[in-house]
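Everything on this sheet refers to the single structure shown next.
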Amino acid sequence: MSAKDKKDIVWFGMKLTPEEKAKIKLLAKRKGLSQKEVVMNLVNEEVMEYEIEAKPGSSLEQLQSFVGVIKGGPEDLSTNPKYLEGLGEDSLS
């Protein structure tokens, strides 16, 4: 690692319970990766969920400026079945 590369690295630490640390260690062992790689893979997967590119002409493209403007709502509103219970039932009567 060059001196320049060392300047670009920052230290990040966090406090974990022994159980949390054990879970990371177990996952790393199962996947044959370092504990850092396991954590960073999960972080990168989570970040990628928010990096959705809209297809040209799609509804998402047309509404892109509104994506993420509502803060504090449930993050799983469109995917969690509990929010969809009874949806549209009153329009069937």
Side-chain angles (χ1 to χ4, degrees):
M1 186 179 292
S2 72
K4 182 191 180 308
D5 292 335
K6 288 181 181 178
K7 289 180 185 177
D8 293 338
I9 294 176
V10 296
W11 184 87
F12 176 78
M14 66 178 124
K15 293 181 180 181
L16 301 171
T17 65
E19 293 81 14
E20 292 167 334
K21 177 67 173 166
K23 288 178 184 178
I24 294 170
K25 192 174 184 178
L26 177 63
L27 189 57
K29 184 176 180 179
R30 286 183 180 169
K31 293 186 173 270
L33 300 171
S34 71
Q35 293 176 40
K36 177 185 175 183
E37 288 172 314
V38 167
V39 171
M40 290 310 303
N41 287 347
L42 293 169
V43 168
N44 289 331
E45 286 175 21
E46 188 69 21
V47 169
M48 283 176 35
E49 285 187 29
Y50 295 99
E51 294 177 354
I52 299 171
E53 286 191 36
K55 294 179 182 173
S58 70
S59 296
L60 178 57
E61 181 187 49
Q62 294 171 12
L63 298 170
Q64 193 70 42
S65 63
F66 298 104
V67 172
V69 296
I70 299 175
K71 304 294 181 202
E75 293 181 8
D76 60 346
L77 182 60
S78 66
T79 58
N80 190 327
K82 77 177 184 181
Y83 297 116
L84 303 176
E85 289 177 12
L87 181 68
E89 288 178 0
D90 59 340
S91 64
L92 297 175
S93 319

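Being a predicted model, the structure only gives us computed values, none of them experimental.
- Every residue two or more places apart in sequence or in another chain that forms a side chain to side chain contact (heavy atoms under 4.5 Å, CB included) with Lys36 is listed here: Ser34, Met40.
- Between Ile24 and Gln35, the shortest heavy-atom distance links the atoms CG2-CB, 3.8 Å.
- Nearest heavy-atom pair, Gln62 versus Gly57, reported as atom, atom and distance to 0.1 Å: NE2-O, 3.5 Å.
- Placement of Leu33 and Leu26 in two distinct hydrophobic clusters is found when ILVMFWY residues are connected by side-chain heavy-atom separations under 4.5 Å, directly or transitively.
- For the atom pair NZ (Lys15) and CD (Glu20), the distance works out to 13.0 Å, reported to the nearest 0.5 Å.
- Remark: Leu42 pairs with Leu27, Val38, Glu45 by the side chain to side chain contact (heavy atoms under 4.5 Å, CB included) rule, at least two apart or across chains.
- Evaluation of the side chain to side chain donor-acceptor pair (under 3.5 Å) rule for Lys25 yields no partner, not counting sequence neighbours.
- There is no path of hydrophobic side-chain contacts, each under 4.5 Å, that joins Val43 to Trp11.
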